[in-house]
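Everything below concerns the one structure shown next.
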Amino acid sequence: MSENAIDIINLDKIYKNRVQALNCINLSVKKGDLFAFLGPNGAGKSTVIGIISSLVTITSGRVCVFGDDIQQKPELVKRNIGLVPQEYNLNQFITVEETMFNIAGYFGIEKRLAAEKIYKLLNQLGIWNKRKNTPRELSGGMKRRMMIAKALIHDPKLLILDEPTAGVDTELRLNMWDFFKELNEQGVTIILTTHYLEEAERLCKNLAIIHKGNIVQKSTMDEIYRIKNQHTYIVKTTQPLNGMPVIDDCEIDKIDSYTCEITTDTMSVTDIIEKLKYMKIDVGSILNKRNKLEEVFIQLTDD
Amino acid sequence: MKKEILIPYQTIVIKEFLRFARIWIQTILPSVVTMFLYIIIFGNFIGERIGEIKNFSYMDYIIPGLIIMPVISNSYMNVVGSFYSSRFMKSIEELLVSPVPNNIILLGYITGGVLRGFAVGIAVYVVVTFFTDLEIVNIWLTVFMTFMTAFLFSTAGFINAVFAKTWDDINIVPTFILAPLTYLGGTFFAIDLLPEIWQNISLFNPIAYIVSAFRYGFLGIEEMNIEFSILIITSITFILYIIALSLLSKGTGIKN
């Protein structure tokens with residue numbers, strides 16, 4: 001039995017229009033991980049996810065899920081995977097409950113057991129009272145929750161979340177994060193793709209970044225913090241700046257008469273405040289412009 | 001076996017059945033009304049002037065064709081409409097990411113089409129009984145032919161749905177291929193009454209064999225050899241099924 005939830009070996013994907021979406025990528029995700037899979041639009045994230053979940057065909061290479069090859073044992077592999085795709089794929093004409101029963105049926109779950117699971121899942125996700133509604137009558141956030149419920153009906157060991165919180169409000173997003181963490185603690189391996197890098201930073205221990213069909217970074221979140229030491233701070237002063245302040249080892253850009261951007265890889269926030277104080281500049285506030293993951297992401301995917 | 005095959009199959013069939021049954025005014029009723037008008041106009045008004053064909057009144061002669069016509073179009077339209085709309089809404093992904101074998105997906109959709117074919121066929125037959133006291137000569141052959149016809153055209157509808165890129169594409173085959181073949185397939189006339197050249201052309205029309213075999217079951221008139229007709233229909237069905245299964249396995253039209 002493999003120790004990895006996913007093993008991607010020399011995976012290539014060339015679409016019919018001859019676009020090479022993946023260029024011989026190799027990637028492993030350990031069982032029980034909450035793994036961030038990041039990349040700019042068009043980098044190949046959805047292609048990889050589509051291949052793992054059998055929605056996209058493989059040009060060459062192999063993908064194994066819990067040790068089983070998806071091309072050799074597709075039915076066995078599919079039993080272990082739950083997919084929350086980026087785009088809504090809901091039948092607009094049938095109710096939430098009917099959709100859930102259908103999906104349970106596709107996974108061979110008997111009606112009585114399916115009813116129990118549906119009750120539990122829809123309650124957990126807060127959409128039980130919407131079970132008689134069709135997707136057309138649901139808000140964006142409710143549709144997202146329905147997509148998650150669909151993916152979990154068969155208790156998958158691997159959950160793939162392709163931008164699961166896109167378009168949902170902050171409160172719901174935080175609730176979803178808690179829900180995903182809880183699932184992960186119960187032993188479900190989760191792969192998360194997101195454009196909210198804060199989300200990846202908050203939830204995931206390991207990550208990979210894909211760019212133009214190549215894996216350009218695969219590491220732990222801690223390693224990311226060690227890669228990039230440079231910080232950019234936004235400093236707001238209480239009084240207008242007279243000219244541009246100069247601090248050794250810092251690059252300073254004036255934004256407006258009260259604001260400047262200070263970039264440094266050696267100085268701490270305290271050091272900067274002290275230096276500015278020495279120059280008789282009173283600091284009203286100081287903010288980190290980007291988090292470190294964002295810095296690394298931009299560096300690795302910048303053309 | 002039960003869990004992995006039967007439950008998914010049953011789920012797809014019930015889903016497909018409910019899909020057309022809920023909107024019976026759009027799916028079942030129009031064919032019944034159309035056939036009612038055919039019976040009134042061709043059977044009663046025009047038929048009386050035509051007289052008898054092969055010892056049957058013209059109305060009785062065309063009734064088998066009038067029943068099988070909506071079976072053909074409804075079984076076809078059910079599958080092409082349902083499968084294409086699943087592609088259009090992307091809800092087909094629910095099936096593709098599930099462990100349902102391709103054979104079961106295909107059989108599930110085809111069964112939905114067959115059920116609609118039977119539902120319409122029975123509804124038209126009920127209407128027919130108000131106009132004639134005709135009794136079915138061979139009920140089992142009639143049921144078998146209805147099943148094979150619905151199966152064949154459901155499979156053809158599935159293939160059309162796989163290749164369709166727009167909603168217009170699902171109407172091209174029924175309008176420009178099925179309808180002409182049905183009208184020229186001996187629904188309203190006996191093929192052996194046609195000039196020889198048209199009789200020979202009709203041999204290439206699969207619907208002619210269907211109408212002939214169905215009429216044989218219904219009225220007991222053998223216009224084309226019944227064994228050969230069944231062989232042709234079964235062979236075409238088998239070939240179409242293999243093509244549909246291969247398209248589904250390759251993911252044509254549904255996988256990138």
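The analysis underlying the following values was restricted to heavy atoms, covering all of them including side chains, and did not include hydrogens, waters or symmetry mates. Bear in mind the structure is a predicted one, so any value in this text is a computation, not a measurement. Proteins get letters first, then strands, A, B, ... in listed order; numbering begins at 1 in each.
- At distances below 3.5 Å, at least one donor-acceptor pair connects side-chain atoms of A/K78 with backbone N or O atoms of B/L96.
- Taking CD of A/E75 as the start and CG of B/N102 as the end, the distance is 7.5 Å to the nearest 0.5 Å.
- With a threshold of 4.5 angstrom between heavy atoms, A/T99 approaches chain B through side-chain atoms but not through N, CA, C or O.
- The 12-atom threshold is not exceeded at CZ of A/R112, counting heavy atoms of other residues, nucleotides or ligands nearer than 6.0 Å.
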Worksheet item: Between A/R79 and B/E4, is a side chain to side chain contact (heavy atoms under 4.5 Å, CB included) present by the stated rule, with each step listed?
Response: CA-CA 11 Å; A/R79 289 196 176 279; B/E4 287 155 15; 3.1 Å; yes
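- Other residues, nucleotides and ligands place no more than 12 heavy atoms under 6.0 Å from the CZ atom of B/F36.
- Annotation: maximal heavy-atom pairing with chain A below 4.5 Å, among B/I12, B/I105, B/L95, B/I254, occurs at B/L95.
- Taken to the nearest 0.5 Å, the CZ atom of A/F101 stands 10.5 Å off from the OG1 atom of B/T11.
- For the pair A/N91 and B/S91, the tightest heavy-atom approach, listed with the atom from each and the gap, is N-CB, 3.9 Å.
- For the atom pair CZ of A/F93 and CG of B/L18, the computed distance is 15.0 Å after rounding to the nearest 0.5 Å.
- Distance check, rounded to the nearest 0.5 Å: CD of B/E93 to CG of A/L83 gives 7.5 Å.
- Across every non-hydrogen atom of B/V97 and A/S53, the tightest pair is CG1-O, 3.5 Å.
- Taken to the nearest 0.5 Å, the CD atom of A/E87 stands 4.5 Å off from the NZ atom of B/K90.
- Atom NZ of B/K255 sits in a crowded spot, with more than 12 heavy atoms from other residues, nucleotides or ligands closer than 6.0 Å.
- Using a 4.0 Å cut-off between a side-chain N of Lys or Arg and a carboxylate O of Asp or Glu, B/R22 and A/E98 qualify as a salt bridge.
- In terms of heavy atoms, A/N89 sits closest to B/E94 at O-OE2, 3.5 Å.
- At a 4.5 Å heavy-atom cutoff, the contact between A/K13 and chain B is made by side-chain atoms alone.
- In terms of heavy-atom pairs under 4.5 angstrom with chain B, the leader among A/I51, A/L55, A/V56 is A/L55.
- Annotation: A/F179, atom CZ; neighbour count of heavy atoms from other residues, nucleotides and ligands within 6.0 Å is above 12.
- Across all their heavy atoms, B/P99 and A/Y106 have their closest contact at CD-O, 3.9 Å.
- A distance of 7.0 Å separates CD1 in A/I94 from NZ in B/K15, rounded to the nearest 0.5 Å.
- When heavy atoms are compared at a cutoff of 4.5 Å, A/K16 does not approach chain B at all.
- Across all their heavy atoms, B/I7 and A/I109 have their closest contact at CG2-O, 3.8 Å.
- At most 12 heavy atoms of other shown residues, nucleotides or ligands fall within 6.0 angstrom of atom CZ in B/F88.
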